[in-house]
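Presented below is the structure to which this report refers.
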Amino acid sequence: MLQVSYIRENREKVLERLSVRNFKQPELVDEIINTDEERRQVQTSLDNLSAIANSAAKQIGDLMRNGKKEEAEVLKGQTATNKDQHKKLSDQLADAEVKLHSLIVQLPNLPHHLVKTGCTPEENETVLVHGDPAVLSENALPHWELAAKYDIIDFELGVKITGAGFPVYKGKGAKLQRALINFFLDRATEQGYKEMQVPLLVNEASGFGTGQLPDKEGQMYHAGVDNLFLIPTAEVPVTNLYRDVILKEEELPIKNTAYTPCFRREAGSYGAHVRGLNRLHQFDKVEVVQVVHPDKSYEVLEEMSSYVQLLLQQLGLHYRVLRLCGGDLGFTSAMTYDMEVWSAAQQRWLEVSSVSNFETYQSNRLKLRFKGSTGKTQLAHTLNGSALALPRIVASILENNQTEKGIKIPEALVHYTGFDYIS
RNA sequence: GGAGGGAUGCCUGAGUGGCCGAAAGGAACAGUUUGCUAAACUGUCGUACUGGCAACGGUACCGAGGGUUCGAAUCCCUCUCUCUCCGCCA
């Protein structure tokens, strides 16, 4: 959520930045400024009226105490006339505030100046490409066929238990999941991230804090009886740990990591692009989250990007890093790097991580602030990234590492799996 | 699921209609004292909106929303959360 005062004072810049996203409703900006203007006028009138009423009430109290009952009664009669006006103004103020809020949550974050204007994923900038595509034999299989061949992931069984998009991992497939989770958590801990274990269901306030609510309810599973939401990512509970918190400057940066299953309803497209592990309703992910000083957030974004790349390198994967263009940028993000791994068998790039700087967009919703050396409180910056999401990593490992002997487990993982081939 | 408590500032906790944005203690911060540590003493010590160049003001907030009243942390209603006990249970 952008700050009203910022919008008010930087109208042109806000419009210019929103255009980078190809934002469809620039008229919202003026509507916000006008509503805010109205709100402030009403508030000033109301404040003045309240000041008069307060001092009158004080006088009445003094008179009563001194036994001057009649004078008090006269004053009472006078103040009563202001009540209607007071009520009217406070209703107006409440309306203006509700309206302002409903407008301002519709504005996405402003892209950083390095973010290029663009509408579609094709316009994303390729920042770097690492490694070379795996060379596979002609009869290389896509991961869903490998999963069946080695009997390590059972999609049909998941359909029986729950539905499409809820796979059952079996034997070495299950062990590989556990190995990856531990591998990712250990690497994150080495980087100074503190491991957290958090609830998988969150309340509405948390959904609002990180920007899933309002409007994106449809993407989350909802436990209606208790009005709780299954988390779509660990970002939600981990970032909300700091909701309504004022940190000390020296506590920054805060670096947390968490493994959680993630739940996404995401009813959408069908076909090869969502086959197998490409898109699931439930999947496992290790997330890294940082809360940092505003001056440091872009430095930290680069650091987080390098860290995710290090993981991909250790797993021996051929990947590229994209800087998302305005149109492909998430609603709450100011700048995002996507990491994509090449799937030789599917002949396409698979997104395995997304690292974003939200600047103050989340912290303004969360009321996540810090008190600086000057004693002033200001909003912190939040960042997060997947490090990493498992399914497409598993898909890539299966597809790129298929050999005649079976699936070769990356060196760095053998310590965690206890086997070096799935055969 | 049943019964009963509770919600006040960073924490503990007082406050049953005006003198309360809120006692007291603790923590924290600054200073004085001090061989060091500790202690003692003094001061500072919530957030937001708003007016002002500033100094300094105004307003709101004692879980949330509504009501009574000239005036509400305090009285009334509704809701939410939380704790304890019983039951069930990994």
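What you see is a predicted model, and the numbers here were worked out from it, not measured in a lab. Below, each value reflects all heavy atoms present in this structure, side chains not excepted, and no hydrogens, waters or symmetry copies. Note on naming: letters A, B, ... go to the chains in the order of the sequence lines (proteins, then strands), and numbering restarts at 1 for each one.
- Going from the C1' atom of rC11(B) to that of rG46(B) covers 13 Å, rounded to whole Å.
- In this structure, the separation between CG on L107(A) and CD on E31(A) is 10.0 Å, given to the nearest 0.5 Å.
- With C1' as the reference atom, rA14(B) and rG25(B) are 11 Å apart, rounded to whole Å.
- One can place NZ of K371(A) at 12 Å from C1' of rU44(B), the figure rounded to the nearest angstrom.
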Filtered N/O pairs between nucleotides 59-63 of chain B and protein, under 3.5 Å:
{"unit_1": "rU59(B)", "atom_1": "OP1", "unit_2": "N54(A)", "atom_2": "ND2", "d": "3.3"}
{"unit_1": "rU59(B)", "atom_1": "O2'", "unit_2": "D47(A)", "atom_2": "OD1", "d": "2.9"}
{"unit_1": "rA60(B)", "atom_1": "OP2", "unit_2": "N54(A)", "atom_2": "ND2", "d": "3.4"}

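- Separation of the C1' atoms belonging to rG9(B) and rC45(B) is 11 Å when rounded to the nearest angstrom.
- Under 4.0 Å is where a charged nitrogen must lie from a carboxylate oxygen, and between K170(A) and D151(A) at least one such pair does.
- The C1' atoms of rC20(B) and rA60(B) are separated by 15 Å, rounded to the nearest whole Å.
- When the C1' atom is used for both rU69(B) and rC76(B), the distance is 12 Å, rounded to whole Å.
- Nucleotides rU68(B) and rG58(B) place their P atoms 28 Å apart, quoted to the nearest Å.
- The distance from atom CG of L75(A) to atom P of rG71(B) is 13 Å, rounded to the nearest whole Å.
- Relative to the six-membered ring of F370(A), K248(A) misses at least one condition, a distance below 6.0 Å or an angle of at most 45° to the axis.
- One interatomic measurement links the two molecules: CG of D244(A) to P of rA64(B), which rounds to 12 Å at whole-angstrom precision.
- When the C1' atom is compared between rG15(B) and rC62(B), the two are found 11 Å apart, to the nearest whole Å.
- Mapped onto RNA chain B by nearest heavy atom, A56(A) and D62(A) fall at different nucleotides, with D62(A) at the one closer to the 5' end.
- In this structure, L93(A) atom CG and rU50(B) atom C1' are separated by 11 Å, rounded to whole Å.
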